[in-house]
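The structure under discussion appears below in the form of C-alpha cells.
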Amino acid sequence: MCVVTVLIVGLGNPGPQYENTRHNAGVVVVNELLERATPMPATLSAHKRTNTEVAELAAGRLAKDRVIVARTRSFMNVSGGPVKALADYFGVKPEDVYVIHDELDLDLGEVKIRLGGGDHGHNGLKSVTKALNKPYNKVAVGIGRPPGRMAPADYVLKPFSTKEQVDLAIAAADAADEILRALG
C-alpha cells in the first residue's frame, strides 16, 4: 500500500489583532483538524524554512494517508510562497494540496471543496494559484457578504460577532468533515 502525503493549509493573517477576523476562517478549520488527530490533539510547530507552522501526522492519525496540517505565518495576500515551499519541502503534488480560505460568495456556515477553478477575487488564492501553477483543492468557508456599502477589504478584517463565532465553529466542523471525507 502506497501512502500519499497530503498537505492541508489554512490561510489567514498572523498576529493577535487578526485572530478572530473573517479572513482567518481557514486557521479556525486547521485548529478543528488538529483537535481531531488521534490518539491526542496535534500541535503546530514553527517551520522556519517555509515561514509556516506545521504538524506532521503519520498515516492513521487523521486520515489513511500521511497528513501535513499547516497555517501560514505570512499575510494572506502573499500566501503562495509559503504554500509552494511546503509542497516542495514535503514532496506534495498540487492535486494533494488543500487550501482552506474564507469565501465572501458563500453564506456564513456554508462549505465547498473544489479542485481547481477561479479565485473569486481572493488575493490569497491568487497568490497560491500563481505559486503552484497547477490545480489544487480549494476549501471555501463561507463568511457572507459585507453589509450595506462596507468594502469587502474592511469586512474580511472585521472580527466575528459572538453569534457568528458559534456559526463559524459549526462551519469549521463541517469543513473538517468534508476534508476528511475527501481524503477517504
- Message: Less than 4.5 Å apart, side chain to side chain, heavy atoms only: is that true for Asn24 and Asn13?
- Response: yes

- Message: For Val29 versus Ala176, what's the shortest heavy-atom pair and its separation?
- Response: CG1-N, 4.2 Å

- Note on the structure: When every non-hydrogen atom of Ala63 is compared with those of Val67, the smallest separation belongs to CB-CG2, 4.1 Å

- Short question: side chain of Arg71, backbone of Pro14 - any donor-acceptor pair under 3.5 Å? no

- Query: Under the salt bridge (Lys or Arg N to Asp or Glu O under 4.0 Å) criterion, do Arg181 and Asp174 qualify, and how do the steps go?
  - Reply: CA-CA 10 Å; Arg181 220 179 338 270; Asp174 290 346; over 6 Å; no

- Find out whether Val9 and Thr52 are in side-chain contact, i.e. whether some heavy atom of one side chain is under 4.5 Å from a heavy atom of the other. no

- Task: Kindly state each residue pair satisfying salt bridge (charged side-chain N to carboxylate O under 4.0 Å, His left out) with at least one member in residues 112-139, sequence neighbours excluded.
- Result: none

- Query: Are side-chain heavy atoms of Asn123 and Ser79 found at a separation under 4.5 Å?
  - Reply: no

- Note on the structure: Between Pro39 and Arg61, the two heavy atoms sitting closest are CD-NE, 4.0 Å

- Say whether Leu7 and Val141 are linked into one hydrophobic cluster, either directly or through other cluster members, by side-chain heavy-atom distances under 4.5 angstrom. no

- Message: Side chains of Pro41 and Arg36, heavy atoms from C-beta outward: is any pair under 4.5 Å?
- Response: no

- Query: What about Leu33 and Val28, same hydrophobic cluster or not, with Ile/Leu/Val/Met/Phe/Trp/Tyr joined at side-chain heavy-atom distances under 4.5 Å?
  - Reply: yes

- Message: To check you understand the geometry: which heavy-atom pair defines the closest contact between Leu34 and Ala55, and what is its length?
- Response: CD2-CB, 3.7 Å

- Task: Write down the atom of Val111, the atom of Glu178, and the distance for their closest heavy-atom approach.
- Result: CG1-CG, 4.3 Å

- Task: Determine whether Val30 and Glu53 make a side-chain contact, defined as any pair of heavy atoms from C-beta on separated by less than 4.5 Å.
- Result: no

- Item | Cluster check Met150, Ile143: I/L/V/M/F/W/Y, side chain < 4.5 angstrom | yes

- Do the side chain of Asn137 and the main chain of Val99 share a donor and acceptor less than 3.5 angstrom apart? no

- Query: Angle class for the Phe90/His47 ring planes (parallel below 30°, perpendicular above 60°, tilted otherwise)?
  - Reply: tilted

- Task: Just do the side-chain contact (heavy atoms from CB on, under 4.5 Å) check on Leu11 and Asp102 with the steps written out, would you?
- Result: CA-CA 8 Å; Leu11 300 186; Asp102 58 296; 6.0 Å; no

- Note on the structure: Here the pair of heavy atoms bringing Val139 nearest to Ala175 is CG1-CB, 4.5 Å

- Sidechain-backbone polar pair: His120 side chain, His122 backbone, donor-acceptor under 3.5 Å: no

- Tell me the side-chain hydrogen bond (donor to acceptor under 3.5 Å, both in side chains) pairs involving residues 155-170, sequence neighbours left out? Arg22-Tyr155, Arg22-Glu164, Ser161-Glu164, Lys163-Asp167

- Message: Taking Asp154 first and then Arg149, would you say they form a salt bridge - that is, a charged N and a carboxylate O separated by under 4.0 Å?
- Response: no

- Message: Tell me which one of Asp96, Ile8, Leu62 satisfies side-chain contact (heavy atoms from CB on, under 4.5 Å) with Leu183.
- Response: Ile8

- Message: Quick test of your reading of the model: are Asp107 and Arg145 salt-bridged, counting only N-O distances below 4.0 Å?
- Response: no

- With a 4.5 Å heavy-atom cut-off, do Ile68 and Tyr89 have their side chains touching? no

- Task: Check whether Ile113 and Val92 end up in the same hydrophobic cluster, where Ile, Leu, Val, Met, Phe, Trp and Tyr are linked by side-chain heavy atoms less than 4.5 Å apart.
- Result: no

- Message: In this structure, would Leu125 and Ile179 fall into the same cluster of hydrophobic residues linked by side-chain contacts under 4.5 Å?
- Response: no

- Task: For the pair Tyr18 and Phe75, name the ring-plane relationship: parallel under 30°, tilted 30 to 60°, perpendicular over 60°.
- Result: perpendicular

- Query: Is the backbone N or O of Leu157 less than 3.5 Å from a side-chain atom of Thr21, with the two atoms forming a donor-acceptor pair by type?
  - Reply: no

- Message: Is there a side-chain contact (heavy atoms from CB on, under 4.5 Å) between Asp177 and Glu32? Walk through the geometry before answering.
- Response: CA-CA 10 Å; Asp177 289 343; Glu32 173 70 22; over 6 Å; no

